[in-house]
2 protein chains.
Amino acid sequence: MHSEAVASRSADQKDSRESRNGGPQLDAVSLAIIEQLQEDGRRPYAAIGKAVGLSEAAVRQRVQKLLDQGVMQIVAVTDPLTVGFRRQAMVGVNVEGDVESVAEALSAMSECEYVVMTAGSFDLMVEVVCEDDDHLLEVINRRIRAVPGVRSTESFVYLKLKKQTYMWGTR
Amino acid sequence: MHSEAVASRSADQKDSRESRNGGPQLDAVSLAIIEQLQEDGRRPYAAIGKAVGLSEAAVRQRVQKLLDQGVMQIVAVTDPLTVGFRRQAMVGVNVEGDVESVAEALSAMSECEYVVMTAGSFDLMVEVVCEDDDHLLEVINRRIRAVPGVRSTESFVYLKLKKQTYMWGTR
DNA sequence: CCTCCACGTTGCGATATCCGCAGCTTCGGG
DNA sequence: CCCGAAGCTGCGGATATCGCAACGTGGAGG
């Protein structure tokens with residue numbers, strides 16, 4: 001599904017961005033649509049169309065395609081700490097062997113909300129959301145460290161969320 | 001705006017969670033509404049009402065209040081690396097002196113998308129989104145390290161986002 | 001050069017949703 | 001007991017969403 005046959009002809013001539021990551025390239029209009037929805041995920045299609053210079057139906061189709069392709073998702077986001085009784089932490093992971101497979105295994109855990117491969121003194125950064133301290137302990141010490149290839153971990157328990165935005169497009 | 005006079009009367013008697021974090025306490029119905037919107041931020045109010053046992057208008061009022069209070073936001077989220085040409089990194093920060101004020105200063109920067117106070121070998125974790133390598137260098141070495149109280153930083157450049165979900169409520 | 005095909009776009013009607021309003025009930029304080 | 005605040009419901013008009021058919025454009029092939 002990701003490794004489509006784009007590599008044939010003169011694919012090397014095109015912007016290599018598409019071959020490096022999964023998503024198809026986005027034009028300026030789709031970018032503008034995403035910006036609109038980053039400000040307000042429920043903004044009407046007609047209003048978006050007026051903002052980006054497109055018809056309502058055109059916006060609708062492009063939004064649907066962006067959602068289907070997994071390029072973007074429209075969701076409610078909260079601060080779990082504010083919403084209630086939960087422990088949250090960022091966990092740095094060091095891996096020996098294949099990093100991808102470890103990332104895959106961690107992504108399969110429902111408690112891991114955010115998994116990213118990094119360069120630096122950690123190979124992976126993982127954000128975990130737990131019910132309480134016992135649950136957090138269990139996830140970090142029994143589940144994550146039990147994954148084959150995990151050499152060591154370091155935890156940063158969240159004390160307070162200070163900022164959380166998704167408007168990288170608008171500045 | 002944040003320091004309202006809640007501290008008067010018998011405030012100490014109420015559940016201390018509210019005084020520790022910003023948000024007022026949420027009942028089971030609001031939680032259920034949030035769960036619905038975590039699955040699909042554009043789900044119609046009537047459908048949510050049917051799912052949680054409330055009228056359409058009641059759902060609408062609750063959602064509006066949750067948005068106004070800043071408890072939740074309904075937005076489009078993407079992987080910036082997928083959407084295009086950007087450098088992203090997690091930055092661990094060590095602080096001497098007041099951590100809050102440093103967090104405040106970092107939150108004011110538009111490149112800092114995510115700022116959280118932590119316990120562990122970092123006092124703050126900051127996610128930064130940049131145009132390119134030059135921009136990233138500028139933000140980390142000139143802007144973040146220039147904030148009074150910042151003792152040191154360590155950077156983890158994002159290579160690939162593996163997982164990104166917001167459905168902590170549904171499991 | 002022309003034709004055909006694929007894709008994105010447009011306009012329009014039918015349906016569903018959103019929104020403001022008024023009334024009703026409950027709960028707590030005076 | 002009365003009163004005010006807060007929450008829920010039902011309703012009607014304005015709006016938005018959705019599916020469909022038609023149009024315009026650019027690329028591939030004849």
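Quick note: numbers below take in every heavy atom, side chains included, and nothing from hydrogens, waters or symmetry partners. The chains referred to below are lettered A, B, ... by the order of the sequence lines, with proteins before strands, and numbering in each begins at 1. A quick note: this is a predicted structure, and the numbers were derived from the prediction, not measured.
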Out of the candidates B/Gln88, B/Lys162, B/Lys160, only one should pair with B/Asp79 under the side chain to side chain contact (heavy atoms under 4.5 Å, CB included) rule; please name it.
B/Gln88
Rounded to the nearest angstrom, tell me the gap between atom [atom1] in [X] and atom [atom2] in [N].
X	N	atom1	atom2	value
A/Gln64	D/dA16	CD	C1'	16 Å
A/Gln61	D/dA21	CD	C1'	13 Å
B/Lys50	D/dG10	NZ	P	13 Å
A/Ile48	D/dC18	CD1	P	12 Å
B/Leu54	C/dC18	CG	C1'	16 Å

[X] has a side chain; which of [options] sits nearest to it?
X	options	answer
A/Lys65	C/dG8, C/dT10, D/dT9	C/dG8
B/Ser55	D/dC18, D/dG7, D/dT9	D/dT9
B/Glu56	C/dT17, C/dC19, D/dT9	C/dC19
B/Arg60	C/dC19, D/dG19, D/dT9	C/dC19
A/Tyr45	C/dG20, D/dC18, C/dT9	D/dC18

Minimum heavy-atom distance between A/Val93 and A/Ile144, given as atom pair plus value
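Residues A/Val93 and A/Ile144, closest heavy atoms: CG2-CG2, 4.5 Å.
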Contact nearer the 5' end of DNA chain D, comparing B/Arg42 with B/Asp27:
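The 5'-side residue here is B/Asp27.
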Angle class for the B/Phe156/A/Phe122 ring planes (parallel below 30°, perpendicular above 60°, tilted otherwise)?
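Parallel.
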Using a strict cut-off of less than 4.0 Å between a Lys/Arg side-chain nitrogen and an Asp/Glu carboxylate oxygen, indicate whether B/Glu131 and B/Arg87 qualify as a salt bridge.
no
Any base atoms under 4.0 Å from B/Arg62, or only sugar-phosphate, or nothing? Heavy atoms, all strands.
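Sugar-phosphate: the residue B/Arg62, judged by heavy atoms under 4.0 Å, touches backbone atoms but no base.
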